[in-house]
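Chain A is the first sequence line, chain B the second, and so forth, proteins listed ahead of strands; every chain is numbered from 1. Just so it is clear, the structure is predicted and the values come from calculations on it, not from any experiment.
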Amino acid sequence: MKELAKAYNPKDVEKKWYKFWEESGYFYGEVSSKKKPFCITIPPPNVTGESHIGHALCYTLQDVLARWKRMQGYATLCLPGMDHASIAVHRVVEEQLAKEGLSRHLLGREKFLERVWQWKNECSETIKNQFKILGFSFDWSKERFTMDEDYVDAVLETFVRFYNKGYIYRGQRVTNWCPGCQTAISDIEVDREERKEFLYYVSYPLEDGSGSITVATTRPETMLGDTAVAVHPKDERYQKFVGKILVLPLMERRIPIITDEIVDIHFGTGAVKVTPAHDINDFEIAGRHSLPKIVVIGKDGKMTKEAGVFANLDRYQAREEVLRELKAKNYLVKIEDYPLVLGLCERCHTAVEPLLSEQWFMRMKELAVPAIHVVKEGKIKFVPEQFTKVYLDWMENIRDWCISRQLWWGHRIPVWYCQKMKNPKCKMQNGVIVSKIAPQICPYCGSKELVQDEDILDTWFSSALWPFATLGWPKETEELRYFYPTSIMVTGSGIIHLWVARMIITGLEFMQDIPFSSVYINATVLNEDGKRMSKSLGTGIDPLEMIEQYGVDATRFGLMVQAGKAQEIRFGYQKAEMARNFTNKIHNAARFILTNLSDLHFLPSAFCLLPSALELPDRWILSRYHKIIEEVNQVLEEFSFDEASQRFYDFFWHDFCDWYLEIAKLRLGGEEKEQVQSILLLILEGSLRLLHPFMPFITEEIWQKLPRTLPKVRGESIMLANYPKSDKKWFDTLSENQMETIQKIVMAIRNIRSEMNLPPSQMIELQVKCSEPLVITLLLENLSIILNLTRSKNLIINDKIEKPKLSASSVIGQCEIFVPLADLLDVEKEKARLAKEVLNLSKLIDSISRKLTDQAFLNKAPKEVIEREEMKRREYTEKRERLERNLAVLMVLC
RNA sequence: GGACGGUUGGCUCAGUCGGUGAGAGCGCCUCGCUUACACCGAGGAGGUCGUAGGUUCGAAUCCUACACCGUCCACCA
């Protein structure tokens, strides 16, 4: 056997195994009628080149599930891909262009797109490589991109179908317009910044000269586009004005006084100027009251013709001019300081202008109904559960979705406009032609002058199709039939609305079935300072850096031990270091076991052994082992990755290495040698399989080195081996209790040794006073373990032992342990040690006694609780008496 | 403004159905390079469980209010 290195070096093994797995086709998601399917369509990362540890978390979770299910015998498909992420990529590429003194408008649409494709290709290679480094068992043969030919087809198909069913329409709406970037931008691209601004009070006179109403505004220049003043219907101050007409100052326009629930009685004067074309609320008010919408600020941020004498002024210049005029004509009542939250374009930092524009929308209310139903019914479950509410709250108040974007990188809207509209039929359709394929002539009037809509679709329109478009939809592929609905969607809480909700809607609409049965919302990874990781802020931790330092398995495990129910996790190097140390522990345990196997030609079949034929440590570790298998499988069913990894850690390190292995060392030289070797190997081999989903590389590396004679080690890779199943016949509570007694005794003696500063070379003697025959037998049967682990020469046990005067002592259950030390005994220290323990017990006994003398407690507490308390009191009291007696012996000495 | 989450030893976090001597990892202290592992082993110190009330025989755990931190959503001009 090849000598194993003293320390585990991940770099030696990781690349090799990934290559082996991939080339062997183990990741291939095969349709198999003999197996049950398990499928995850991996959330496609944006091709923006960003990479931080949060991605590593999300995808590792999925790989753990996939490897686990694959080993459990499911036909497993993890389908990877990338998202074209139109806005985000625009930002990246346009930034690059800006550095070269270029812009997308200077380049033109075609050249710009060429440039983006080039970027996309580089970027997706980088991401793919990272995923491979991380060991993800994704089926790369089925990799998809949201702008692949087939995928585009699916997107256009969706648009046409939705349009034909009347869900998609064209209309006007106020959207965030950036005059700097010359595009509409979504809410998430707007940075909010608090500014010290002013609130201006302007008086609008009544047409009949009977008075005036004062309105408050932060943007006086928009008054030029006012078409009403609104008050709350219940505002008594204005009851008498409702329905009357005002004369808009400077414009001399007659505008009505209307009522609307949206108005806040307590803000300003309680009367709001309504500017439908430049404010989202006002736009909605206008909709409810059929008010005209006058655009007074143009896309360039300058005043339009509609602004009359202010036309062509910059919007901020216009504000000054308007204020001057108002003041001159005595309409300006007062000015207050006012902190305003201003929307700024996150790219160019220009103040966003809400602007009325023509957009495509999707009606959502009706589509949301079945999507709400499947979640309420429990057909789709959110994990953690609290996110169900986030989803439902949004769905139940869903608004129409603006699906058009004035960008270039993405799916161009499959709509053409006839420029001629030569007949009434064409005019009736407004010359709108919706088609997957570019039409040559107008189907209505035969005109050849057709112009395609310039806009593209919102990125999420295409990602909404991910779970089925990746499997081949609209074609009826074998994969689609077999793997849809997929098993689980793992993603971040930030995109429940943007993405998850829409996948559920489109899945139900086009597949008539849910897209997945579970939605696991992974935590946001914060860095060590509790800050969100972001490349632009420089607060991200690059997973590759961590991998470089600790290896892939440690990085993955470090993430998994923290992947619990919390909404956020802080990630630091500590956890990765802990996990790295664990890999080393596993490596060395394996090294020890394999080294001690070297003279074995074949292995006895320990697997056939009956529990009764085994020794206590064997029965104990096998019981622990099977319980851990049970637990890991169970908590994984609940997606408790933290529990699964931590429990395994505790078992392997503490039970197996600290105790079983240490005890095994004593037995490997004796008659039980082969039995012990077999059990060591059995537990090691099973542990590797149990751990494999979390740490794929080290487990494969060691597993491949195990003797092939082991029945379980016949396959060509651990990732194809069976995942361990627990066998309850090995559950052995008695052995666990007995072992616990031994451990406690050993620990008590070690504590004495340590407190008395006894060097390891100092052998000691043990005397145990015990009257319980079963315990005496237990200790005698495991005598060599106790002696060896405590470095003791011998042990005398019976019920007549008296405490040697110069000895340290301890009480464990039925046993009183004495360590005669003669002049090695530090009497003062020992007295202090015992006194402290007595004091501790006294406190406990007092608190229990207080309970047990409390009538209320005795009357109302359940019987079991009272009994347990009584039992504890007896136990502690007895222990205290013994300790006090031993302490008394020492007191006599001085 | 609303919703959700968090607040437990120096740090990062567990803690199930209310009854535990409140746990772990890191860090710290003492001892030890005992031929798997110093990326280790043995032992130890360290916590009025954010604050204030309440429910209860009994609260880290349930309820209310508040504070601070975080995330998401939002139509206060």
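- Under 4.0 angstrom from either OP1 or OP2 of B/A45 there lies at least one side-chain N or O belonging to A/K836.
- The gap from the C1' atom of B/G46 to that of B/A24 amounts to 15 Å, rounded to the nearest Å.
- Counting any heavy atom pair closer than 4.0 Å across all strands shown, A/L661 reaches a base atom.
- When the side-chain nitrogen and oxygen atoms of A/Y550 are compared with OP1 and OP2 of B/C39, none of them lie within a distance under 4.0 Å.
- Separating the C1' atom of B/A22 from that of B/C39 is a span of 30 Å, rounded to the nearest Å.
- Set against B/C26, B/C75, B/C37, the side chain of A/K6 has B/C37 as its closest nucleotide.
- Looking at heavy-atom distances under 4.0 Å, A/Y201 makes no contact with the nucleic acid at all.
- Taking atom CD on A/E864 and atom P on B/C57, their separation rounds to 17 Å, with Å as the unit.
- A close approach under 4.0 Å does occur between a side-chain nitrogen or oxygen of A/N751 and OP1 or OP2 of B/G44.
- Separation of the P atoms belonging to B/U56 and B/C68 is 31 Å when rounded to the nearest angstrom.
- OP1 or OP2 of B/C75 lies within a sub-4.0 Å distance of a side-chain N or O belonging to A/R399.
- Within the 4.0 angstrom heavy-atom criterion, base atoms lie near A/R580.
- Using a 4.5 Å heavy-atom cutoff, the side chains of A/Y573 and A/Q549 are in contact.
- The separation between A/N581 atom CG and B/C40 atom C1' is 9 Å, rounded to whole Å.
- Counting distance only, with no hydrogens placed and no angle test, the side-chain atoms of A/E755 and the base atoms of B/G44 include no donor-acceptor pair under 3.5 Å.
- When the C1' atom is compared between B/G21 and B/G15, the two are found 15 Å apart, to the nearest whole Å.
- Between A/H497 and A/W394, the two ring planes are parallel [angle under 30°; tilted spans 30° to 60°].
- Among the nucleotides B/A36, B/U30, B/A3, the one closest to any side-chain atom of A/N757 is B/U30.
- Closest-nucleotide positions on RNA chain B for A/R647 and A/P760 were compared, and the one nearer the 5' end corresponds to A/R647.
- Relative orientation of the A/F652 and A/F582 rings is perpendicular, given thresholds of 30° and 60° on the angle between their planes.
- For the pair A/W659 and B/G41, the criterion of a side-chain N or O lying under 4.0 Å from OP1 or OP2 is not met.
- Residue side chain A/K585 reaches the base of B/C37 through a donor-acceptor N/O pair under 3.5 Å, judged by distance alone.
- Residue contacts shown for A/E662 include a base, since a base heavy atom lies under 4.0 Å away.
- Closest to the A/H497 side chain, of the nucleotides B/C72, B/C37, B/C75, is B/C72.
- For B/G15, one of the phosphate oxygens OP1 or OP2 lies less than 4.0 angstrom from a side-chain nitrogen or oxygen of A/K565.
- Note on A/K575: a base of the nucleic acid sits closer than 4.0 angstrom, heavy atoms only.
- Counting distance only, with no hydrogens placed and no angle test, the side-chain atoms of A/Q386 and the base atoms of B/G5 include no donor-acceptor pair under 3.5 Å.
- Among the nucleotides B/A77, B/G21, B/C76, the one closest to any side-chain atom of A/D264 is B/C76.
- Whole-Å rounding puts the A/N840 CG to B/G47 P distance at 13 Å.
- For A/K744, the NZ atom counts as loosely surrounded, since its 6.0 Å shell holds 12 or fewer non-hydrogen atoms of other residues, nucleotides or ligands.
- If you check B/A36, B/C57, B/A77 against the side chain of A/V272, the one that comes closest is B/A77.
- Between A/Y876 and B/G21 there is a side-chain polar atom (N or O) within less than 4.0 angstrom of OP1 or OP2.
- The pair A/K879-A/E837 meets the salt-bridge criterion, since a charged nitrogen lies less than 4.0 angstrom from a carboxylate oxygen.
- When heavy atoms are screened at a 4.0 angstrom cut-off, A/A590 is found touching no nucleic acid atom at all.
- Between the CZ atom of A/F656 and the C1' atom of B/C37 there is a distance of 14 Å, rounded to whole Å.
- In this structure, A/P862 reaches the bases: a heavy-atom distance under 4.0 Å links it to at least one base atom across the strands shown.
- Listed nucleotides B/C39, B/A36, B/U12 differ in distance to A/Q562; the shortest reach to its side chain belongs to B/U12.
- Look at the P atom in both B/C37 and B/C31: the space between them is 23 Å, to the nearest Å.
- A/E336 has a carboxylate O that lies under 4.0 Å from a charged side-chain N of A/K334, or vice versa, which qualifies the two as a salt bridge.
- Within 4.0 Å (heavy atoms only), A/K273 reaches no atom of the nucleic acid at all.
- At a threshold of 4.0 angstrom between heavy atoms, the contacts of A/V865 include nucleobase atoms, whether or not backbone atoms are also involved.
- A/F557 and A/F641 have their aromatic ring centers separated by at least 6.0 angstrom.
- Both tests pass for A/R750 against the ring of A/W659: distance under 6.0 Å to the centre and angle within 45° of the axis.
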